[in-house]
Asker: 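Before we start, here is the structure in question, set down as structure tokens.
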There are 2 protein chains.
Amino acid sequence: MNIRHLTFRLLQVYVAVVRSGSISEAARQLHLTQPTVSLQLKRLADTLGEPLLESRHGRQVPTEAGGELYRASREVLGRFADFDDYLAALRGGERGRFSIALVNTAQYVLPRLLGPYSQAFPEVDVTVHIGNRRQMLTRFERQEDDLYVFSHPPSLAHALAGRFLRNPLVAVAPRGHRLAGRERIDMAELLGERFLLREPGSATRMLFESWLQEQGLSLGPTLQMASNEAIRVGVAAGMGLAVLSEHVLPPEHSDIAILTVAGLPIESHWQFIVRRDRRLSHAALGFLRFAEGHLGDCVEPRFLSNELDDLLRRLDAAPVPPLRGSDP
Amino acid sequence: MNIRHLTFRLLQVYVAVVRSGSISEAARQLHLTQPTVSLQLKRLADTLGEPLLESRHGRQVPTEAGGELYRASREVLGRFADFDDYLAALRGGERGRFSIALVNTAQYVLPRLLGPYSQAFPEVDVTVHIGNRRQMLTRFERQEDDLYVFSHPPSLAHALAGRFLRNPLVAVAPRGHRLAGRERIDMAELLGERFLLREPGSATRMLFESWLQEQGLSLGPTLQMASNEAIRVGVAAGMGLAVLSEHVLPPEHSDIAILTVAGLPIESHWQFIVRRDRRLSHAALGFLRFAEGHLGDCVEPRFLSNELDDLLRRLDAAPVPPLRGSDP
DNA sequence: ATGCAGTATAGATAATCATCTATATCATGG
DNA sequence: CCATGATATAGATGATTATCTATACTGCAT
């Protein structure tokens, strides 16, 4: 038996004949002419090198070999029908996997979205990578992930972006700070104090520093800590002041005060970034659609800024990369 | 996904690529050129409508859909490899089925052959049909069986025959019969006695009657019984005489005497008959081969008359009917 | 940067396939 | 025995496939 000439179509035809017990009837069912089916059967029997059917009392009945072929065919066709279902689920975004890379600060909010999403799509494997802005940029350049969350995206030459959440940076001080509660503090009044800063490469630090530069200000003494949490706790403990994303503060933050500094909060937005040169996994697309529809249910209204519909529209329009996929 | 254009060959190629992680390497293994394999992959991805491979660090790695396709392909190819094994077993006669139709009298010997055979080929299903000559002729004409055992075959226009066993018909009488033990009895001396005969349509009866006709004799009173066993018991009980196949008599038959009538035993041979217009099942062929080789171990030497080698040779030479098989 | 190994694309060709119509053969049930 | 429905065969055709050689692109290692 030469498997090379074996076609799934051939098996389908054969199964139809065995089922109906008649070549002509199978031809009708398959919308083919009777000679076509006859010939297909002959080819099939030729490639297998065994007779498959006998006509008994006018009905086509499988021989010994034919019976086994029928069983094999049904299994095999069934397996590929399953595979087809799998593909459909994959395409519908109900199944599959995607990876998303978050800038550190975003990890305080994104779970609010990812939680309900993976509740709704339990068959999708999500991998979340977290790091500071610089690390995310590296991942982005190496095309390691399906989705990225940045506040300020890198060059959008090969990517599309869609804002979805406001990310205000506020100045914080320990609860009992002398300026806590005062209106319209001037930033210059704070420069003498020690500031707790994230590491270079952090988006929060980058935004803060460029804002300072715009104002023509520069900081006094600083202390560097590579984690928002550590900084928050540090501020509460009186180590100094800081500028942090409002998302970092717990809803009730009795040990920390937000200072109403003129010019603050620094407004920025988180956005989903999608590379245009990498085929977006169906699951990732499904997640974006989910985010577009359910963002309002997952985050506080004051942070809402959902421009994902626009992103999705542009993704639909984007030229699809070739089917074999490209290098990540 | 359009299953119509899916080929087993295509899956083989795909599996080779996934296994080796390289298109060029797969091409080498398959004795194809690299562009051929590239193109096959493209076609495969096109018919499935999903990218299947991504090149990661220079290796071809399946995507989500590709991984599932790989699993499906392996299962499916494995299933057909099994089917191929099955076919091989079928062709080797190690497996399958055949039916054999025996003239009544032959049922006393054939089990000696069928027993060891089905011991040796436990995977073969054998169906044995038993009846008198007339019934066997009907089955033969309707092509209902793979093999037939006759003493005198019907027309051999569409069949081949091979003798394998002597079938002497002897005259039997109850133990104490007046002629028991006498040498050279003349048949005429017995005609006054009642003869127990099989039914018309029986081969034994036919042979006996045509022998009588040759001798210019005719029987006196008769009694008809449709079974060799019944006749044998009847003779032992003194109901009359009979002419029976020697095979019908048990090895020790103290209650019955064989009369040494001049011109008896009537010599005949059982033969296997194979229709030439019906494709012989591999299993049946295997049985004939087994019989040819093991007949000597299974029956008493004095009955041996093995001409099956000749039959087998002629079977090999016979033109093979078309693959789809013909009507039984 | 340079070259190599791997991959993709283009263009060509012979083979095979799927499919048709038309016709012959066969089997079966009145 | 014949009419009818089922199957096989023949011949034709356009589409698809398998496969090649030649060449272009691409990314990694030197």
Side-chain angles (χ1 to χ4, degrees), chain A residues 2-14 16-18 20-47 51-62 66 141-143 277-278 321-328, chain B residues 2-14 16-18 20-47 51-61 141-144 158 277-278 321-328:
Chain A
N2 194 353
I3 206 171
R4 288 180 179 226
H5 302 124
L6 212 51
T7 308
F8 280 68
R9 176 62 172 169
L10 229 42
L11 299 186
Q12 282 184 324
V13 170
Y14 176 68
V17 172
V18 172
S20 64
S22 148
I23 295 183
S24 303
E25 177 51 30
R28 278 188 287 274
Q29 287 173 10
L30 297 165
H31 306 295
L32 293 173
T33 61
Q34 166 267 316
T36 299
V37 175
S38 280
L39 220 59
Q40 303 278 49
L41 289 179
K42 197 212 252 314
R43 279 209 316 120
L44 187 57
D46 282 351
T47 60
L52 301 172
L53 296 168
E54 283 176 354
S55 89
R56 274 211 214 297
H57 319 300
R59 272 181 71 82
Q60 299 295 126
V61 162
E141 262 144 37
R142 295 198 187 144
Q143 307 181 202
D277 47 4
R278 184 188 206 273
L323 274 183
R324 287 214 36 255
S326 55
D327 218 343
Chain B
N2 193 354
I3 207 171
R4 289 180 177 225
H5 301 125
L6 212 50
T7 308
F8 280 67
R9 177 61 171 167
L10 227 44
L11 299 185
Q12 281 183 324
V13 170
Y14 176 68
V17 172
V18 172
S20 63
S22 150
I23 294 182
S24 303
E25 178 53 28
R28 277 188 289 275
Q29 289 173 12
L30 297 165
H31 307 292
L32 293 173
T33 61
Q34 166 267 315
T36 299
V37 176
S38 280
L39 221 59
Q40 304 277 49
L41 290 178
K42 197 214 252 313
R43 278 210 317 120
L44 186 58
D46 282 351
T47 59
L52 301 171
L53 297 166
E54 284 177 353
S55 91
R56 275 212 214 293
H57 319 300
R59 273 181 70 82
Q60 300 294 127
V61 163
E141 262 144 39
R142 295 198 188 144
Q143 307 181 200
E144 297 193 62
H158 304 100
D277 47 3
R278 186 187 206 273
L323 272 183
R324 288 217 32 254
S326 55
D327 217 346

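Note that these values count all heavy atoms, side chains included, but never hydrogens, waters or copies made by symmetry. A note on names: the letters A, B, ... follow the listed sequences, proteins ahead of strands, and every chain is numbered from 1.
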Asker: In this structure, how many angstroms lie between the C1' atom of D:dT26 and the CZ atom of B:Arg59, rounded?
Answerer: 19 Å
Asker: Take atom NZ of A:Lys42 and atom P of D:dG11, then tell me their distance rounded to the nearest Å.
Answerer: 14 Å
Asker: Return the value, rounded to whole Å, for the distance between atom CD of B:Gln60 and atom C1' of C:dG6.
Answerer: 8 Å
Asker: First locate atom CG of A:Leu10, then atom CG of A:Leu41, and finally report the distance between them rounded to the nearest 0.5 Å.
Answerer: 8.0 Å
Asker: Taking atom C1' of D:dT17 as reference, at what distance in whole Å does atom CZ of A:Phe8 sit?
Answerer: 17 Å
Asker: Calculate the interatomic distance between A:Glu54 atom CD and C:dA27 atom P; express it in whole Å.
Answerer: 14 Å
Asker: Sugar-phosphate means primed atoms, P, OP1 and OP2; the rest is base. With that split, encode nucleotides 10-26 of chain C 5' to 3' as B, S or - using protein heavy atoms under 4.0 Å.
Answerer: -------SSBBBB----
Asker: Can you name the closest pair of heavy atoms from A:Tyr14 and A:Gly66 and give their distance?
Answerer: OH-O, 2.8 Å
Asker: OG1/A:Thr33 to CG/A:Leu39 distance, rounded to the nearest 0.5 angstrom?
Answerer: 9.5 Å
Asker: Just to confirm, is there a sub-4.0 Å distance from OP1 or OP2 of C:dT7 to any side-chain nitrogen or oxygen of B:Ser22?
Answerer: yes
Asker: Tell me the interatomic distance from B:Ile23, atom CD1, to D:dT26, atom C1', rounded to whole angstroms.
Answerer: 13 Å
Asker: Check whether any side-chain N or O of B:Ser20 sits under 3.5 Å from a backbone N or O of B:Ser22 as a donor-acceptor pair, and report yes or no.
Answerer: yes
Asker: Return the NZ to CG distance between B:Lys42 and B:Asp46, rounded to the nearest 0.5 Å.
Answerer: 6.5 Å
Asker: Ignoring hydrogens, what is the shortest heavy-atom contact between A:Arg4 and B:Thr7? Give both atom names and the distance.
Answerer: O-CG2, 3.6 Å
Asker: How many whole angstroms separate atom CG of B:Leu30 from atom C1' of D:dA18?
Answerer: 13 Å
